[in-house]
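Below is one structure, written out as structure tokens; the observations come after it.
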There are 2 protein chains.
Amino acid sequence: MEKIRRNERMSAMMKILSDSPNQLFTLSSFCDRFSTAKSTMSEDIDILRGVAETFGLGEIKTITGAAGGVMYRTKIPPEQAAAYISELSNELSGTDRILPGGFLYLSDILSHPVITKRMGEIIASAFYDTAPDFVLTMETKGIPVALTTAGALGVPLVIARHSSKVYEGSAVNINYVSGSSGSIQTMSLSRRAVQEGQTCLIVDDFLKGGGTAKGMEDLMREFSIQVVGEAFVMETATPTHKRITGEKSLMVLDIQHLDDDTETAFVSPAPWLTENL
Amino acid sequence: MEKIRRNERMSAMMKILSDSPNQLFTLSSFCDRFSTAKSTMSEDIDILRGVAETFGLGEIKTITGAAGGVMYRTKIPPEQAAAYISELSNELSGTDRILPGGFLYLSDILSHPVITKRMGEIIASAFYDTAPDFVLTMETKGIPVALTTAGALGVPLVIARHSSKVYEGSAVNINYVSGSSGSIQTMSLSRRAVQEGQTCLIVDDFLKGGGTAKGMEDLMREFSIQVVGEAFVMETATPTHKRITGEKSLMVLDIQHLDDDTETAFVSPAPWLTENL
């Protein structure tokens, strides 16, 4: 095998590391793969760390000691996150996306690979420190952003269903009160999907009254799983009192009825994204 | 600004390109970003192409001419794809995942960020040439792998629903016959989600009789959209006659009843994955 040059080695390492966010690679695994001395590899990683920082491409994190190594995290700098969500908020504001009944059309955004990847990275950036064992979402619309969040955190995604399905095996069902409609609904999760004592991050598309989110909290309690955080793509400005607290949403939606009997959507980045800038 | 070294520039470019698969970047956009001459940039890209090839990290593709540039594709070499799916097939085979009624537990696989990313890349590799405008799936279990496929192809994902929802706006509903149960079901798609004259790739988790897939074909016909291909994570060995033809599945499932009245799953890579090796 020809000798691998530093520029080749570093390009490959950047790709390998960023393909597996939040996963620790030992230095020796890279030394073996590229037939390189540890000292050279340490230099490579130092340069890579600088590259990621300079060009805003995430974070290369080194962990020292016997169980140490190097990992990639998709950490989005706060200014970048705020700018991205501001731009998205502007796109979603106005009258174009208003649907009859005062709903906002979001399906294209919520299933777009690039947009959901970015949103997932921004959510993950805010929850790396909580180190959840998995991400939980409730079907259907939040699945893409929950998947990208789980991907950035390097953990599995678990999907709760509206009812138990034959292809999920034995399941735990709970009833919950929908915050917005007040109706009683069911939420179901396969027993095989999770284990007692784990921790989870709840990620979903929309928070209004908080009934579904509260249902997910109750469901996790049934499994003796601790919820370490909750994140939503969008929450409504009203009701101001939700059934849950402490959530991090990306955007806040306020649909206002104007004098001429039309409706306009005002979407803005959630306060936590901009308050420390 | 300090001069950017080749190893730094190449590492950053590898990350930027692979973050946006199948998207063309002009050479001049990179030249501007890194303050580099075109000739140097061309050399960088030549080296990057070699790196991707040598380490099996996808494909760096150069397009010459006025509208030219460089792009990254997550092309998985056929041997790698076959090996990955073989290993996955082995994991899924046996009795552990058998559920009452002859179903196989797949939910963990179908929502795992790393596994669905790899499966999506393998599917995308087989359909780059068809250049679909979007990927279509039917809720719920196929959403993650449809999202990763769409991501690798650099196109949006569109999700058909079981019924029309208030937050999707006006929709086209069709009825279809479920291939396995023979029951009549509804499939719904928002009018805003797609445009007449587009092309689409259908991606879903499971193909048994083909009723749902046929329904998706019918739905696309209602919108005057051409289906350029269909891919599934798993198809059943029986019935051998499906309502659709020409699909590419990753795995074939055969659940057999053994003499001792137990059931075992035999999962194998689909023939198209291995026939040209």
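Basis for what follows: all heavy atoms, side chains included, without hydrogens, waters or symmetry-related copies. Chain identifiers are assigned alphabetically (A, B, ...) following the order of the sequence lines, protein sequences preceding nucleic acid strands; residue numbering begins at 1 within each chain.
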For residues [X] and [Y], determine if any side-chain heavy atom of one lies less than 4.5 Å from a side-chain heavy atom of the other.
X: B/Phe55; Y: A/Arg9; value: no
X: A/Lys117; Y: B/Asp19; value: yes
X: B/Arg6; Y: A/Arg6; value: no
X: B/Ile143; Y: A/Pro144; value: yes

Among A/Phe134, A/Tyr105, A/Phe206, which residue forms the greatest number of heavy-atom pairs with chain B at distances under 4.5 Å?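 That would be A/Tyr105.
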For chain B, find which of A/Val114, A/Leu147, A/Ile16 contributes the most heavy-atom pairs closer than 4.5 angstrom.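 Going by pairs under 4.5 Å, I would pick A/Leu147.
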For atom CD of A/Glu53, decide whether the heavy atoms of other residues, nucleotides or ligands shown that lie under 6.0 angstrom number more than 12.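 No, not enclosed.
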Residues, nucleotides or ligands: over 12 heavy atoms within 6.0 Å of B/Gln195 CD: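 No.
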What's the separation between atom [atom1] in [X] and atom [atom2] in [Y], rounded to the nearest 0.5 Å?
X: A/Arg161; Y: B/Ser107; atom1: CZ; atom2: OG; answer: 7.0 Å
X: B/Thr54; Y: A/Ile4; atom1: OG1; atom2: CD1; answer: 8.0 Å
X: B/Leu110; Y: A/Leu157; atom1: CG; atom2: CG; answer: 11.0 Å
X: B/Asn7; Y: A/Glu8; atom1: CG; atom2: CD; answer: 11.5 Å
X: A/Glu168; Y: B/Leu106; atom1: CD; atom2: CG; answer: 10.0 Å

So, B/Ser111 side chain and A/Val158 main chain: donor-acceptor pair closer than 3.5 Å or not?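 No: the side chain of B/Ser111 does not pair with the backbone of A/Val158.
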At a heavy-atom separation under 4.5 Å, does [X] approach chain A through its side chain, its backbone, both, or neither?
X: B/Ser190; value: side chain
X: B/Leu17; value: neither
X: B/Ser18; value: side chain
X: B/Ile159; value: side chain
X: B/Thr116; value: side chain
X: B/Leu99; value: side chain
X: B/Ile47; value: side chain
X: B/Val135; value: neither

Where does A/Thr148 contact chain B at under 4.5 Å (heavy atoms): side chain, backbone, both or neither?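 Side chain only.
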Within 45 degrees of the axis of the six-membered ring of B/Tyr167 and under 6.0 Å from its centre: does A/Lys141 put its NZ or CZ there?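 The answer is yes; both the distance and angle limits are met.
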Nearest non-hydrogen partners of A/Pro113 and B/Ala150, listed with the distance: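 Looking at all heavy atoms of both residues, the closest pair is CG-CB, 3.7 Å.
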Which heavy atom of A/Ser11 sits nearest a heavy atom of B/Met14, and at what distance?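 Shortest heavy-atom separation between A/Ser11 and B/Met14 comes out as O-CG, 3.4 Å.
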Counting heavy-atom pairs closer than 4.5 Å to chain A, which one of B/Met13, B/Lys15, B/Arg5 comes out on top?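 With the most close heavy-atom pairs to chain A, the winner is B/Lys15.
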Choice from B/Asp44, B/Asp108, B/Leu48, B/Val166 maximising heavy atom contacts with chain A below 4.5 Å: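 Ranked by contacts with chain A, first place is B/Val166.
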